[in-house]
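Here is the structure we will look at, set down as structure tokens.
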Amino acid sequence: MTRARLCPLADIADGESNGFVVTRPGGERVAVLAVRRGAQVFAYVNSCPHTGAPLDFLPGVFLTLDKTLIQCATHGALFRIEDGFCIKGPCARKSLVPVAVVVEDGTVHLSG
């Protein structure tokens, strides 16, 4: 399994989100959003399935005000944090593209 360091876990405050740009093997750069829930991190490609636009309102800000869902800044679509599934908006029933991550020794790593 290939692992690349994404960030220290502390770079994503508990209950918050953050954005990153990662370089995949072959040199492709991809924008990624990550949401932390305790020691667990959920990560997705930062691209709305409806328009392909980035999801963040401001850099690293992806969550609704109550921090229970990921929200698209372009049209307000709402996605579950745990699986990226769109529950409301023009892309309803579609999902964000997951990015496999693991947390090990206080560091978030891309895996796979």
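The chain is numbered in sequence order, starting from 1.
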Discussion item. Would you compute the distance between atom OG of S17 and atom CD1 of I12 and round it to the nearest 0.5 angstrom?
Written reply: 8.5 Å
Worksheet item: Closest approach of C72 and F57, non-hydrogen atoms and distance?
Response: O-CZ, 4.2 Å
Worksheet entry | Within residues 5-15 or reaching into it, pairs that qualify as side chain to side chain donor-acceptor pair (under 3.5 Å) - sequence neighbours excluded | none
Response to the item:
Sequence neighbours excluded, the answer for side-chain hydrogen bond (donor to acceptor under 3.5 Å, both in side chains) partners of T64 is D66
Practice prompt. Check V99, L6, L33 against F20 for a side chain to side chain contact (heavy atoms under 4.5 Å, CB included) and give me the one that passes.
Written response: L6
Worksheet item: For the residue pair V41 and V101, what are the closest heavy atoms and their distance?
Response: O-CG2, 3.4 Å
Worksheet item: Which heavy-atom pair separates G15 from K67 by the least distance, and what is that distance?
Response: O-CD, 3.5 Å
Practice prompt. Please report the shortest heavy-atom distance between P98 and Y44, naming the atom on each side.
Written response: CA-CD2, 3.6 Å
Worksheet item: Should L55 and I87 be counted in the same cluster of Ile, Leu, Val, Met, Phe, Trp and Tyr side chains packed under 4.5 Å apart?
Response: no
Fill in: Joint cluster assignment, V32 & F42, ILVMFWY side-chain distance < 4.5 Å
no
Worksheet item: What side chain to side chain donor-acceptor pair (under 3.5 Å) pairs are there with at least one residue in residues 46-59, not counting sequence neighbours?
Response: N46-D56, H50-H75
Worksheet item: Atom CG in L78, atom CD1 in I70: separation rounded to 0.5 Å?
Response: 10.0 Å
Worksheet item: With the 4.5 Å side-chain cut-off for hydrophobic clustering, are F79 and V45 part of the same group?
Response: no
Discussion item. I need the K94 NZ to F85 CZ distance, nearest 0.5 Å.
Written reply: 11.5 Å
Discussion item. Donor-acceptor check, side chain of T74 to backbone of A53, threshold 3.5 angstrom: yes or no?
Written reply: no
Fill in: V108 reachable from V30 in the ILVMFWY side-chain graph, under 4.5 Å edges
yes
